[in-house]
K.L.:
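Sharing a structure, written as C-alpha cells. Questions coming.
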Amino acid sequence: MNEKVAFLLNQQINKELYSAYLYLDMANYYIDLDLDGFGNWYTIQAQEERDHAMLFLKYMQNNGLKVTLEAIDKPDKVFEKPNDPLLAGLEHEKYVTSLINDIYDAAYSVKDFRTMQFLDWFVKEQGEEEQNADSLIKKYELFGNDPKGLYLLNQELGARVYTAPSLTL
C-alpha cells in the first residue's frame, strides 16, 4: 500500500477515537444539565466513532499494515449554551468529512481501488452524520426554547438505540 495512504488511514484511527472522546464530553455536558436524552444521543455517537476507529484499524491489519496508536487529545470545546454542542458537532462532522475525502483523494491518486471501495461506506456515512447533526440543530432552534418542546425533543433523543455499523471487511 502507498505510504501516504497508509499514514492517513492510521491517522484516521486516532481522529475517530478523538471524535468518540469529544462526543462523550458532549454527552456529559447534557447529562449535567439533566438532558439525559441529549446525553444518550451523544453517547451513541461516541460508540459509533469508536466503532469507526476499529473498522480503520481492522482494515489496516487485514492489509498487513502496522498500526501505530497515538495519544488521544482531550476535548477542548467549552460549552456555555445548550445548543453549543450541537453546533460543535456539525462543525466536527464537516471536519471528519474533509479527513475522509483527503484519504480518498490520496488513494485515488495512486489507484488504490481497494481502499477507495473501503472508504465508500465512510463517504456515505459522513453524509448521514452531517445531515443528522444539521437536523438536530434545526429541531433545537424550532423547539428548544419552549420547555415542552425541549422536553419532547429530549424524549425523542433518549429513544435512540445503538446499531453497530454494517460494513464488512
K.L.:
When you group the ILVMFWY residues by side-chain heavy-atom contacts below 4.5 Å and let the links chain together, are Ile31 and Met26 in the same group?
P.N.:
no
K.L.:
Tell me if the centroids of the rings in Phe56 and Phe122 come within less than 6.0 Å of each other.
P.N.:
yes
K.L.:
Heavy atoms only: give me the nearest Tyr29-Pro85 pair and the separation to one decimal.
P.N.:
CD2-CG, 3.5 Å
K.L.:
Could you tell me whether the side chain of Asp84 and the main chain of Lys81 form a donor-acceptor pair under 3.5 Å?
P.N.:
yes
K.L.:
Does the Thr115 side chain pair with the main chain of Asp112, one donor and one acceptor, at a distance under 3.5 Å?
P.N.:
no
K.L.:
So, Tyr95 and Lys15: side-chain donor and acceptor under 3.5 Å apart, yes or no?
P.N.:
yes
K.L.:
Please answer: with hydrophobic residues joined when any side-chain heavy atoms are less than 4.5 Å apart, are Leu142 and Ile137 in the same cluster?
P.N.:
no
K.L.:
Looking at every heavy atom in both Leu157 and Asn40, which two are closest together, and how far apart are they?
P.N.:
O-ND2, 3.0 Å
K.L.:
Answer yes if Leu65 and Phe113 sit in the same cluster of Ile, Leu, Val, Met, Phe, Trp and Tyr residues linked by side chain heavy atoms under 4.5 Å apart, and no otherwise.
P.N.:
yes
K.L.:
Just verifying a value: how many Å separate His52 NE2 and Glu125 CD, rounded to the nearest 0.5 Å?
P.N.:
4.0 Å
K.L.:
Would His92 and Tyr23 satisfy side chain to side chain contact (heavy atoms under 4.5 Å, CB included), going step by step from the backbone distance to the final call?
P.N.:
CA-CA 10 Å; His92 185 72; Tyr23 288 137; 3.9 Å; yes
K.L.:
In this structure, would Leu86 and Leu24 fall into the same cluster of hydrophobic residues linked by side-chain contacts under 4.5 Å?
P.N.:
no
K.L.:
More than 12 heavy atoms of other residues, nucleotides or ligands under 6.0 Å from CD of Glu128: yes or no?
P.N.:
yes
K.L.:
May I ask you to decide if the ring planes of Tyr59 and Phe118 are parallel, tilted or perpendicular, using 30° and 60° as cut-offs?
P.N.:
parallel
K.L.:
Is Ile13 reachable from Val123 through a run of I, L, V, M, F, W or Y residues, each pair having side-chain heavy atoms under 4.5 Å apart?
P.N.:
yes
K.L.:
Check this for me: does any side-chain nitrogen of one of Lys77 and Glu91 sit under 4.0 Å from a carboxylate oxygen of the other?
P.N.:
yes
K.L.:
Hey, what do you get for CG (Leu152) to CD (Gln155), rounding to the nearest 0.5 Å?
P.N.:
7.5 Å
K.L.:
Can you confirm whether the side chains of Gln126 and Glu130 place a donor and an acceptor under 3.5 Å from each other?
P.N.:
no
K.L.:
Less than 4.5 Å apart, side chain to side chain, heavy atoms only: is that true for Gln11 and Asn14?
P.N.:
no
K.L.:
Hey, mind stepping through Lys74 and Asp76 against side chain to side chain contact (heavy atoms under 4.5 Å, CB included) and telling me if it holds?
P.N.:
CA-CA 6 Å; Lys74 178 182 174 183; Asp76 62 352; over 6 Å; no
K.L.:
Can you name the closest pair of heavy atoms from Ala20 and Glu49 and give their distance?
P.N.:
N-CB, 3.6 Å
K.L.:
Determine whether more than 12 heavy atoms belonging to other residues, nucleotides or ligands lie under 6.0 Å from atom OH of Tyr140.
P.N.:
yes
K.L.:
Below 4.5 Å, heavy atoms only, C-beta onward: do Met60 and Met1 meet side chain to side chain?
P.N.:
no
K.L.:
Can you name the nearest heavy-atom pair linking Val96 to Ser19, along with the distance?
P.N.:
CG2-OG, 3.9 Å
K.L.:
Working to the nearest 0.5 angstrom, can you tell me the gap between Asn83 CG and Leu136 CG?
P.N.:
10.0 Å
K.L.:
Please report the C-alpha distance between Asn132 and Trp41 in whole Å, then the side-chain angles of each, then the deciding distance to 0.1 Å, and finally whether the side chain to side chain contact (heavy atoms under 4.5 Å, CB included) criterion is met.
P.N.:
CA-CA 11 Å; Asn132 288 340; Trp41 200 87; 4.2 Å; yes
K.L.:
Can you give me the closest heavy-atom contact between Thr43 and Ala27, atom names plus distance?
P.N.:
OG1-CB, 3.4 Å
K.L.:
Just by distance, with hydrogens left out, do Asp36 and Asn154 show a side-chain donor and acceptor under 3.5 Å apart?
P.N.:
yes
K.L.:
To the nearest 0.5 Å, how far apart are CG in Asp73 and CG in Leu17?
P.N.:
11.5 Å
K.L.:
Looking at Gln61, I'd like to know if its CD atom is crowded, meaning that more than 12 non-hydrogen atoms belonging to other residues, nucleotides or ligands lie closer than 6.0 Å.
P.N.:
yes
K.L.:
Tell me if a side-chain donor or acceptor on Tyr42 pairs with a main-chain N or O of Tyr30 at a distance below 3.5 Å.
P.N.:
no
K.L.:
Report the distance from atom CG of Asn62 to atom CZ of Arg114, rounding to the nearest 0.5 Å.
P.N.:
9.5 Å
K.L.:
Checking side-chain polar atoms at under 3.5 Å, does Asp120 have a donor or acceptor matched by the opposite partner on Tyr104?
P.N.:
yes
K.L.:
Nearest 0.5 Å, please: how far is CG in Leu8 from CG in Asn2?
P.N.:
9.0 Å
K.L.:
Going through the checks in order, is the side chain to side chain contact (heavy atoms under 4.5 Å, CB included) test met by Leu150 and Phe38?
P.N.:
CA-CA 10 Å; Leu150 181 60; Phe38 283 80; 3.9 Å; yes
K.L.:
Do we see a donor-acceptor contact under 3.5 Å between the side chains of Arg160 and Gln45?
P.N.:
yes
K.L.:
Out of Asn28, Leu33, Asp25, which one pairs with Phe79 under the side-chain contact (heavy atoms from CB on, under 4.5 Å) rule?
P.N.:
Asp25
